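One structure below.
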Number of protein chains: 2
Amino acid sequence: MPNNQFKRGELYSVINGMASTAVARRLQKNFRQAGLEITIEQWSVLYHLWKEDCLSQQELCNRTFRDKPSITRLIDNLEKQKLVRRVASKSDRRINLVCLSDAAKELQELTITLANQTMNEALIGVNKEEIETVKQVFQRVYDNLT
Amino acid sequence: MPNNQFKRGELYSVINGMASTAVARRLQKNFRQAGLEITIEQWSVLYHLWKEDCLSQQELCNRTFRDKPSITRLIDNLEKQKLVRRVASKSDRRINLVCLSDAAKELQELTITLANQTMNEALIGVNKEEIETVKQVFQRVYDNLT
DNA sequence: GGCATATAGTTAGTTATGCAACTAATTTCA
DNA sequence: TGAAATTAGTTGCATAACTAACTATATGCC
């Protein structure tokens, strides 16, 4: 059924379009209005370090779904802002452990509150079952493609 | 309930994370393997022009959810590749109408087929109701934030 | 008519992404 | 043990994104 096919193709712009763009812009705007100078991409790296500090760059690649050059440069910029530092691993000299500074630890509460507020705004009128479905579909899509 | 709050914050990475990245990378890869040199962002512009040719740059901003500088440079690159050309509007000299070349018209069928195939791969095991829910949630999120 | 305002598009600077090619350290295994 | 393959990270190049500031044209209104 070609008509169904066509609609499936259009789904690309659903998954990768207006909503994700709008959420990203709003979260970045909310950070800026709170006086935070970090980008949402930098924040996503910090987010994983708050859960577990001193991860290797490769581990950050895995957890943030970015490639190695992207992480290299995000860490470069976070290091310039004194939010993280690279610490050489003692057991494997190829590895940099990326560790949070005290300044970065202080950002955790505020930024996560802002992210929660942003998502609460975004999800007004969306119920738990629908959210659960979106999460399941996205996990399925990811699994299908990797 | 703070626990629920926290989970909502995590949803940012659902909407803007692994799945959308994976779909974008796969579609770009499928274009490349078919010998197509266009980016998915350029394709998204062409997509709207195939539906309606000779739109203004502002109208392309609205339909692709991009800002004006982004469209300016996408059109610059599409023009370099001879896929579109800027045509001055006769009724309003501020406006550039962006019109498809014959070469661009020939890309329509193949690229849309590739997009459909990519989304079929991505959506294996996802049923129509779930797809409908995702579309509704994303529309709602967009409306909530704009 | 003419000045203020709004709209269309461009340019400059910073950050981020993808890919390919590279260095350095580690592991594998014949 | 030592050469080949793997893994961790970096660098260079191209494209794309956002912000802010800019030019040019059009519109509104006194």
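From a predicted model like this one, the values you see are computed outputs, not experimental measurements. Side chains are part of it too, since the values below use all heavy atoms of this structure and drop only hydrogens, waters and symmetry mates. Letters A, B, ... are given to chains in the order of the sequence lines, protein chains preceding strands, and every chain is numbered from 1.
Regarding B/R66, its CZ atom lies at a distance of 12 Å from the C1' atom of D/dT15, rounded to whole Å. In this structure, B/L27 atom CG and D/dT15 atom P are separated by 18 Å, rounded to whole Å. Atom CG in A/L78 sits about 15 Å away from atom P in D/dG9, given to the nearest Å. Look at CD on B/Q42: it is 16 Å from P on C/dG18, rounded to the nearest Å. The distance from atom CG of B/N16 to atom P of D/dA17 is 13 Å, rounded to the nearest whole Å. Across the protein-nucleic acid pair, B/I40 atom CD1 and D/dA17 atom C1' stand 13 Å apart, rounded to whole Å. Atom NZ of A/K29 is separated from atom C1' of D/dA20 by 16 Å (rounded to the nearest Å). Rounded to whole Å, atom C1' of D/dC18 lies 16 Å from atom CG of A/N30.
Atom NZ of A/K105 has more than 12 heavy atoms from other residues, nucleotides or ligands within 6.0 Å.
Summary of the strand contacts: B/N77 and A/R32 both lie near DNA chain D, and taking for each the nucleotide with the nearest heavy atom, the more 5' one is attributed to B/N77. Positionally, the nearest nucleotide of DNA chain C for A/K80 lies more toward the 5' end than for the other of B/T21 and A/K80. Place B/D67 and B/S91 on DNA chain D by their nearest nucleotides, and B/D67 ends up nearer the 5' end.
Between A/F138 and B/F138, a ring centre-to-centre spacing shorter than 6.0 Å is recorded.
Side chains of B/Y47 and B/I112 form a contact here, defined as non-hydrogen atoms less than 4.5 Å apart. A heavy-atom distance below 4.5 Å is not found between the side chains of B/E129 and B/E132.
Contact check, B/T39 against D/dA16: a side-chain N or O comes under 4.0 Å of OP1 or OP2. Note on A/R93: every side-chain N or O is 4.0 Å or more away from OP1 and OP2 of C/dA24.
In this structure, the side chain of B/N144 engages the main chain of A/I124 through a donor-acceptor pair within 3.5 Å.
Under 3.5 Å, the side chains of B/R66 and A/T21 contain no donor-acceptor pair of N or O atoms.
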Contact state string [nucleotides 6-12 of chain C, B base, S sugar-phosphate only, - no protein heavy atom under 4.0 Å]: -BBBBBB
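Among the atoms of the strands shown, none is found under 4.0 Å from any heavy atom of B/Q28.
Scanning all heavy atoms of the two residues, the minimum distance from B/V45 to B/L74 falls at CG2-CD1, 3.9 Å.
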